[in-house]
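For reference, the structure discussed in these notes is given below.
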There are 2 protein chains.
Amino acid sequence: MNDRLYKCLSNTNRRKILYCIGEEEKCVNEIAECLDLEQSLTSHHLKDMLDCALIEKRREGKRIYYKVSASEILEILEKGKELGDKLEERC
Amino acid sequence: MNDRLYKCLSNTNRRKILYCIGEEEKCVNEIAECLDLEQSLTSHHLKDMLDCALIEKRREGKRIYYKVSASEILEILEKGKELGDKLEERC
DNA sequence: CACTTGTATAAACGATCATTCATATGAATA
DNA sequence: TATTCATATGAATGATCGTTTATACAAGTG
């Protein structure tokens, strides 16, 4: 599971999606537009993250809303950002 | 850089190596033996992690000692472990 | 010097990944 | 019911990854 977790986080688009739906839920098209990604690519990434429970979904009519499933996920992203900055100085 | 960071963490063998040299430095053969990995595979992984500064090296005679470069790395691993456990219950 | 020990590197391979394109499904609406 | 809107899925493709094998290199030792 840890492999899958970090693999999910290792893609820039997926991390952007997580930030995008970290505070408030959004439907697929909103996410896609917000990040300037193809709808199908967005769906693929959402599926990956849903599969390892990083996000949750909720249907409302024909739209499906996604949001980050736990605050710890954003915390790790934050820590990763800080660490990344720190490591960047060295290489 | 964040891509590279999480990519490094996304492999079980690399994470094992990080734990292995998290507390005390070890030379390549010690790491390889400790984790039951081929020497060349160990070297490859070490190079990957050295390239993004997750680890540091120090030569002593013909041996080269490696250790984790910052405590935040182990902290992220810890957080990742906890998060992984939490997510696992859900999928 | 030749030899050994410890480590790095390069080539090769199948496996997985990220993305795109085309198409299918599902829900609402005319 | 036919159409449209929102999303999901499958196939295809090039790119990257993880591992193994063989070999090179670097430092110490006889």
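Below, read A as the first sequence line, B as the second, and so on, with proteins coming before strands; counting in each chain starts at 1. Please read all numbers here as calculations on a predicted model, not as lab measurements.
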Measure distances between side-chain N and O atoms of B/Ser40 and base N and O atoms of D/dT21, and say whether any donor-acceptor pair falls under 3.5 Å. yes
Grab the CG-P distance between A/Asp51 and C/dC17 for me, whole Å please. 12 Å
I'd like to know if B/His44 reaches the base of C/dT7 with its side chain such that a donor and an acceptor end up less than 3.5 angstrom apart. no
Rounded to whole Å, how long is the line connecting atom CZ of A/Arg59 with atom P of D/dA6? 12 Å
Can you tell me how far C1' of D/dT19 sits from CG of B/Leu46, to the nearest Å? 15 Å
Whether B/Glu56 and B/Arg58 form a salt bridge (side-chain N of Lys/Arg under 4.0 Å from carboxylate O of Asp/Glu) is what I want to check. no
With respect to the side chain of A/Glu38, which nucleotide from C/dT19, C/dC21, C/dG26 is positioned closest? C/dC21
Whole-Å gap separating C1' (C/dT19) and CG (A/Asp36): 14 Å
Looking only at D/dA6, C/dG6, C/dT19, the nucleotide nearest the A/Arg63 side chain is D/dA6
Closest nucleotide among C/dA27, D/dT7, D/dT19 to the A/Val28 side chain: D/dT7
Measuring from the side chain of A/His45 (C-beta onward, heavy atoms only), which nucleotide among D/dT19, C/dT19, D/dC5 has the closest atom? C/dT19
Counting side-chain heavy atoms from C-beta on, which of D/dC5, C/dA18, D/dA8 comes nearest to A/Ile64? D/dA8
Indicate yes or no: does A/Glu24 engage A/Lys26 in a salt bridge with an N to O separation below 4.0 Å. yes
Residue closer to the 5' end of DNA chain C, A/Lys62 versus A/Asn13 (nearest nucleotide): A/Asn13
Using a distance-only criterion (donor-acceptor N/O pair, under 3.5 Å, no hydrogens), is the base of D/dA6 paired with the side chain of A/Gln39? no
Rounded to whole angstrom units, what separation is found between the CD1 atom of A/Ile17 and the P atom of D/dT7? 13 Å
Any base atoms under 4.0 Å from B/Tyr66, or only sugar-phosphate, or nothing? Heavy atoms, all strands. sugar-phosphate
Measure the distance from CD on A/Glu33 to C1' on D/dA6 and round it to the nearest whole Å. 13 Å
Looking at B/Arg15 and A/Asp3, is there a salt bridge between them, counting it only when a charged N and a carboxylate O are closer than 4.0 Å? yes
Whole-Å distance, B/Asn11 CG to C/dA15 P, equals 17 Å
Is the closest basic N to carboxylate O distance between A/Glu72 and B/Lys79 below 4.0 Å? no
Taking only side-chain N and O atoms of B/Arg14, does any of them lie within less than 4.0 angstrom of OP1 or OP2 on D/dG18? yes
B/Lys47 has an atom NZ; how far is it from atom P of D/dG18, in whole Å? 14 Å
Looking only at the side chain of B/Asn29 (C-beta and beyond, no hydrogens), which of the listed nucleotides C/dA8, D/dT19, C/dG6 gets closest? C/dG6
Test: A/Asp51 and A/Lys47 ion pair at under 4.0 Å: yes
